[in-house]
Amino acid sequence: MKHVTGLRCVICGKVYQPDELLYVCPDHGNEGILDVEYDYAAIRAEIGEHLPAASGGMFGYRPFLPVAEHVPAPPLVVGGTPLQEAPHLAQAAGVAELWLKDDGRNPTASLKDRASAVAIMKAQELGAEIVTTASTGNAAAALAGLAASVGQKTVIFVPKSAPAAKIAQLLVYGATVLLVEGTYDDAFDLCLAATEKFGWYCRNTGYNPYMAEGKKTVTFELYAQLRQQRTAVASPITHLFVSVGDGCIISGVYKGVRDLVAAGYLAQMPKIVGVQAAGSAYLHDAWANDEDVLTKPPIAANTVADSISAGLPRDRIKAVTAVRQTSGAFITVTDAQILAAIPTLAQGSGVFAEPASAATYAGFLKAAQTGLIGPDARVALILTGNGLKDVQSAMKSVGQAVTVPADITAVERVFNKTLA
Ligand SMILES: *Cc1c(COP(=O)(O)O)cnc(C)c1O
Ligand SMILES: [Zn+2]
């Protein structure tokens with residue numbers, strides 16, 4: 001917290017001190033999302049010449065985080081996820097380099113752990129009895145897991161339709177779970193109402209100003225790892241791809257890039273490409289048609305990729321800014337493309353991604369096919385969630401396994417047939 005200089009409203013630009021308010025700009029209600037500002041010279045002085053290695057996890061970047069000095073990081077270790085090069089997939093798509101940042105390897109199996117770790121520390125700083133969130137599933141699982149590691153109580157609002165694995169995580173971690181008969185957007189509003197009524201601490205995405213701050217650590221790790229792992233002479237990465245629902249992750253990724261530039265750890269910004277499901281393409285459409293996201297009405301979201309299903313993206317102002325300011329793009333992919341991308345990505349790299357995460361790879365493929373990126377592109381994909389989160393969707397895009405009696409002649413018959 002010691003390097004935070006203020007919280008700036010993304011609508012009016014007014015700057016608040018962190019102890020003045022908890023969530024949004026009072027003059028602009030739920031749309032008045034706040035952007036956390038820092039003294040970058042002081043951060044640089046504390047960290048030194050090189051960005052810390054990613055192996056230390058997200059709290060290796062603590063001078064860049066808005067958390068109080070006296071609150072310890074939660075014991076459940078978040079971040080430090082692997083970065084792997086995917087040369088076969090790069091070649092198949094016709095780009096110069098492809099890197100996969102596998103954030104499904106976090107403790108609750110999604111990138112949301114990075115935000116929830118910060119939420120838990122803020123709750124401890126405030127002495128909150130209960131922390132609450134609305135979620136399509138992963139943010140809630142992350143909050144419940146991090147909360148369990150410090151003995152914090154949580155109340156979670158998720159749509160009743162959330163995948164079973166995500167609901168199981170919540171219950172196993174001991175959260176009080178409310179399955180909302182409605183959409184994620186309904187759950188979000190219900191959670192805000194409960195926050196107001198009961199005085200709980202609210203982690204909601206695109207409302208709590210500190211969530212993008214946790215998520216930005218994926219960018220810090222990515223650049224630290226690229227510096228370590230890239231053997232080719234370092235022309236910078238040209239494109240970062242990430243899937244987008246509420247727009248908080250893409251905002252966090254962009255914030256990470258801005259922080260690195262401001263503190264002198266990065267010379268050139270990559271173009272940021274946001275991938276949306278065609279059935280939940282609010283931000284893509286707003287960007288493509290130059291619509292004002294403050295007045296554009298909600299859409300009816302419908303996609304197999306539950307984690308990026310959002311009718312009214314809560315972090316829409318920052319998300320559009322991330323793409324515009326980096327001369328990036330939004331791109332849409334169909335559910336069929338998303339499902340097909342799950343085995344293609346897995347078989348080309350070993351990474352098993354849930355639909356919302358495979359969407360990023362599907363978007364990358366489409367960008368390569370349509371010429372949005374060319375043969376000189378050096379690309380990194382932020383893979384946000386683990387495939388084990390939603391095996392039902394994954395099974396839709398693979399063939400049946402062969403059932404055999406426990407008899408070697410049956411096995412022989414199978415291979416004679418398939419190899420003949
Ligand atoms: C939450 C999530 C996203 C999208 O993040 P937003 O901040 O909602 O845009 C993408 N993939 C996975 C796996 C997620 O859990
Ligand atoms: Zn304001």
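When a ligand or atom number is given, it counts from 1 through the structure's own listing order.
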Within the structure, does [X] bring an N/O atom to less than 3.5 angstrom of an N/O atom in ligand 1?
X: K112; value: yes
X: G245; value: yes
X: S110; value: no

Just checking, K318 and Y254: is the charged tip under 6.0 Å from the six-membered ring centre and within 45° of the axis?
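Because its charged atom misses either the 6.0 Å distance or the 45° angle limit, K318 does not stack over Y254.
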
In chain order, what residues pass the side-chain contact (heavy atoms from CB on, under 4.5 Å) check against D19, with sequence neighbours excluded?
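Listed in chain order: Q17.
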
Counting N and O atoms only, with roles assigned by atom type, does the side chain of [X] sit under 3.5 Å from a partner on the main chain of [Y], one being a donor and the other an acceptor?
X: E31; Y: L294; result: no
X: K366; Y: T332; result: yes
X: T183; Y: D186; result: yes
X: D103; Y: L383; result: no
X: Y223; Y: L260; result: no
X: S357; Y: T384; result: yes

Minimum-distance protein heavy atom relative to atom 10 (C) of ligand 1:
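It is S243 OG, 3.3 Å.
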
Nearest protein heavy atom with distance in Å, relative to atom 8 (O) of ligand 1
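The closest one turns out to be D246 N, 2.8 Å.
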
Using a 4.0 Å heavy-atom cut-off, say whether [X] meets ligand 1 through its side chain, its backbone, both or neither.
X: T384; result: both
X: I308; result: side chain
X: K389; result: neither

Is it true that [Y] and [X] share a donor-acceptor pair across their side chains at a distance under 3.5 Å?
X: T108; Y: Q169; answer: no
X: Y184; Y: D306; answer: no
X: T205; Y: R203; answer: yes

Residue [X] vicinity, atoms of ligand 1 by number, heavy atom under 4.0 Å:
X: G247; answer: 6 (P), 7 (O), 8 (O), 9 (O)
X: C248; answer: 6 (P), 7 (O), 9 (O)
X: V244; answer: 9 (O)
X: G385; answer: 13 (C)
X: N138; answer: 13 (C), 14 (C), 15 (O)

Is there a salt bridge (charged side-chain N to carboxylate O under 4.0 Å, His left out) between E20 and K14 once you walk through the steps?
CA-CA 12 Å; E20 281 181 76; K14 185 168 175 192; over 6 Å; no

Run through the protein N/O/S atoms less than 2.8 Å from the Zn ion (ligand 2) and write them out by chain and number.
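Correct list: C9 SG, C12 SG, C25 SG, H28 ND1.
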
